[in-house]
Amino acid sequence: MKSFGKIVPGLVAGLFLPFLPTFGGDLQLAKVFSGHGVLQCGVPVPVWGTAKPGRKVSVEFAGQMQETPTDCEGFWGLELAPLKVQSTGSQMTISSGEQILQVEDLLVGEVWYASGQSNMQMDLASCAKKLAAIQGIVESAQALPIRTLRVGNPDAEAPLGDLPVGTAWQTDTPENRRKQSAAAYFFARELHLHLQVPVGIIEGSWGGKPIEGFIPAREFPKNPLLKPILEFSDAGEIEKVKHLEGGVIIRNTAGMPGRIFNARVAPVAPYAIRGFLWYQGESNAGNGEDPRNYRHKTRALVEGWRNTWNQPGLPMYYVQLPAFQDSSHGWVRLREEQRLSLDIPNTGMAVTIDLRDPDIHPANKLDVGKRLARWALAKTYGQDIPFSGPLFRSAQMEGNQIRVRFDHAEGGLMIARKDGMDAPVETPCDSPAHFEINDGSGNWHPAQAKVDGNTIIVTNPSVPNPVAVRYACEGNPEDANLYNRQGLPASPFCSDLSLLPWGDAD
C-alpha cells in the first residue's frame, strides 16, 4: 500500500492541551480509544489522555512501547510509529506506575470521519424499510471488519476535551448495523471489498443542522463573507444572520458557528484518520435561506478540520444534494455551490441527481456510499477506476448552438436510465433531457440536445443567439439522463451563474 503522508511530530500536545481539562487523578485514556476500535495504518498514531502530573505513562501495542511524562496539568500524549494492517484484534496496554488500562480487540486499517445532517445520519434500518436489497444486507449474518463509533454530543460553547462516558466502538452485527449511518457504512463496505482491510468510521452527523455549526468558529473571521455570521451570533442577533448574503436560519444553538464542531469533532481529533466524508446542504437551501457563499463555507469547513488535525492534505469527499422538489430554487443553486467547491484541493463530489426518490431522504444510500468510495479508491488509494461523472468544463457558442465540454467524459457520453439500485442502462434512442439555453434577456428555453462524442450540442430554433446553457437545474429533474460511458451521472450545471436564480433571495 502506498504512503499517504505524515502526522507532524508533537501535534498531540500542541493541538489539544487547551481542550483537555486539568486533571490530577487516576490514569485515563481519551474515550475515542475504546475496545473494538480501528486504528489508522501507515501513519503515526497519536494516543493521549490524563494521569497524575509528573508521572510517566507508557503505551504498548503491536510490539511497540512508547513512553512520555505527564505535564503539570496531568495531560499526556505520544505517538505510536506507523502500524501495519491488522485484521485480528489486539490489545493496547496503557500504564502509569501501578495503574494499568487495557483496550481490547483493536484492529488496524483505514479510518474515516463522517458527518453532515440527516442524509448522512439516516440509518440502515430506515433504508431497509424501503429497499429489500438493503434489508438483506442489514440482516446478513456475515460480519465484516467494519467498526463504527457514533459521536452524539449536544452542541457546546467551547471545544470539548473528551467524549462522554459510554461512548464505544461497535462491531459489525445485524443488530449494531441497523443503527449505523447507511451512507458511511456502504462507503466502508466498498473500501473493505476493494482493499481487503478493516475499516473504521467515526460518525458525528446531526439532522436538520446548517453547515455553520460544523465549521470551527475560528475560521469565520478569515473570510469577510463569513465574518458577519459569527459577529451577529456572538452578539445574540441571530435573526440578522438570515438577512445576510448567504444567510441561513439559525433555529437553535447548534446552528451557531462552531457549536457542533466543538462537541462532535474537537473531542475526536487528533485520532489518526485517512480523511473526511460530508453529506449536508439541505438546511442551507430551504425556504427563506440564501445558498450563496456555501462554497466559501465549505472551504472554511475543510480547512478548519484539516487545521484541527494539523494535516492540510486530508481529503474531503462529499455528496451533492439529491433530487427533491423544493418550493424555491435553493437546492438548484446549492448544488452549483457544491460543484464549484471542487476547486478546493483534494476534494471530490458524489453526484446523486439520478437516485430518484420523492423523499427528502432517498433510501438508496448504497449507491451514495459506492460513489463516495470511488473517489477515495481512485484519489486516496491510487486505484485505476473511474470516479466521477461528467463535470461541466466550458460552453462554446457556435452560431445558433452551444457546444458543452466536460471533464471526466474522455471515453464518451451516453444517455441512460437508472431504475432503483440497478446500474444505468443506455437508452440510445433517447435524447439528453433537461437542457435549456438562455436568450440573453434572462429567459430560459427548453433546448434540443444531442451527444457528439464527448460533447453535447444544444440548440433551439427560436433562440438564434444563445448566451448560456444549463442542465438539470430543477429541484427534481426526474428524467435527467446524461452519463459518461462508465455509468456515472453528470452533475447539474449552469454556464453563467448570474442567470441562475438564488432561491428566495431573487
Side-chain angles (χ1 to χ4, degrees), residues 1-12 15-16 29-49 59-64 66 77-92 94 103 105-115 144-151 163 167-172 184-185 187-192 194-204 265-277 305-306 308-317 346 372-373 375-377 379-382:
M1 187 174 294
K2 60 188 285 191
S3 173
F4 305 102
K6 185 176 187 301
I7 293 175
V8 178
L11 81 91
V12 179
L15 281 179
F16 286 89
L29 180 66
K31 295 180 183 63
V32 69
F33 297 93
S34 80
H36 312 302
V38 182
L39 302 177
Q40 178 62 51
C41 68
V43 300
V45 174
V47 184
W48 69 96
V59 175
E60 298 181 56
F61 183 74
Q64 293 188 48
Q66 303 288 351
L78 53 78
E79 288 178 340
L80 297 174
L83 302 168
K84 295 181 180 180
V85 170
Q86 188 169 305
S87 298
T88 302
S90 294
Q91 177 181 280
M92 177 186 288
I94 306 94
V103 184
D105 189 31
L106 294 177
L107 308 181
V108 181
E110 295 297 322
V111 184
W112 290 76
Y113 181 84
S115 194
L144 299 177
I146 295 173
R147 308 285 177 85
T148 51
L149 179 71
R150 166 70 180 164
V151 181
L163 298 172
T167 303
W169 286 85
Q170 301 268 317
T171 57
D172 185 44
Y185 180 85
F187 170 87
R189 184 172 179 263
E190 197 71 6
L191 283 197
H192 169 68
H194 280 261
L195 303 177
Q196 291 298 299
V197 301
V199 180
I201 296 290
I202 303 172
E203 186 263 310
V265 182
V268 172
Y271 195 87
I273 60 174
R274 187 64 78 198
F276 307 112
L277 306 176
W305 288 12
R306 288 172 176 172
T308 298
W309 266 263
N310 200 19
Q311 295 189 73
L314 283 176
M316 165 76 86
Y317 302 128
N346 215 8
L372 281 172
W375 279 94
L377 290 167
K379 307 301 286 185
T380 300
Y381 299 106

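For reference, positions follow the sequence shown, starting with 1.
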Minimum side-chain heavy-atom gap Tyr381-Arg274 below 4.5 Å: yes

State the CG-OG1 distance between Asp105 and Thr171, to the nearest 0.5 angstrom. 8.0 Å

Of all the heavy-atom pairs spanning Val45 and Ala272, show the shortest one and how long it is. CA-CB, 4.3 Å

Looking at CG of Leu80 and CD of Glu60, how far apart are the two atoms once the value is rounded to the nearest 0.5 Å? 10.5 Å

Contact between Val38 and Val108 at the side-chain level, heavy atoms closer than 4.5 Å - yes or no? no

CG of Leu377 to CG of Leu372, rounded to nearest 0.5 Å, is 11.0 Å

Check whether any side-chain heavy atom of Pro82 lies under 4.5 Å from a side-chain heavy atom of Pro44, and answer yes or no. yes

What residues, two or more places apart in sequence or in another chain, satisfy side chain to side chain contact (heavy atoms under 4.5 Å, CB included) together with Pro315? Trp112, Tyr317, Asn346, Thr380

Closest non-hydrogen contact found for Ala168 with Ser34 is CA-OG, 3.4 Å

Should His36 and Gln170 count as side-chain neighbours, where that means a heavy-atom distance under 4.5 Å? no

Check the side chains of Glu79 and Gln66 for a donor-acceptor pair under 3.5 angstrom, ignoring hydrogens and angles. no

Considering only heavy atoms from C-beta outward, does the side chain of Pro145 approach that of His192 to under 4.5 Å? yes

Please tell me if the side chains of Phe61 and Ile94 come closer than 4.5 Å, counting only heavy atoms from C-beta onward. no

Anything under 30° is parallel, anything over 60° is perpendicular, the rest tilted; go ahead and classify Tyr113 against Trp309. tilted

Can you name the closest pair of heavy atoms from Glu110 and Leu195 and give their distance? CG-CD1, 4.3 Å

Just to verify, what does Ala188 make a side chain to side chain contact (heavy atoms under 4.5 Å, CB included) with, not counting sequence neighbours? Ile146, Val199, Ile201

Could you name each residue pair satisfying salt bridge (charged side-chain N to carboxylate O under 4.0 Å, His left out) that touches residues 31-42, not counting sequence neighbours? Lys31-Asp162

Inspect the contact between Arg189 and Asp172 and indicate whether a charged nitrogen and a carboxylate oxygen are less than 4.0 angstrom apart. no

4.5 Å side-chain heavy-atom contact, Met92 and Leu39: yes

Nearest heavy-atom approach of Pro267 to Leu163 is CB-CD2, 3.6 Å

Reported OG-to-CG distance for the pair Ser90 and Leu106, which is rounded to 0.5 angstrom: 7.5 Å

Tyr271 vs Trp48 aromatic rings, parallel, tilted or perpendicular, using cut-offs 30° and 60°? perpendicular

What is the distance from atom OG of Ser87 to atom CG of Leu107, rounded to the nearest 0.5 Å? 7.0 Å

Are Val47 and Phe33 packed together at the side-chain level, in the sense that at least one heavy-atom pair is separated by less than 4.5 angstrom? yes

Where Leu144 and Tyr185 come nearest, the two heavy atoms and their spacing: CD1-OH, 4.2 Å

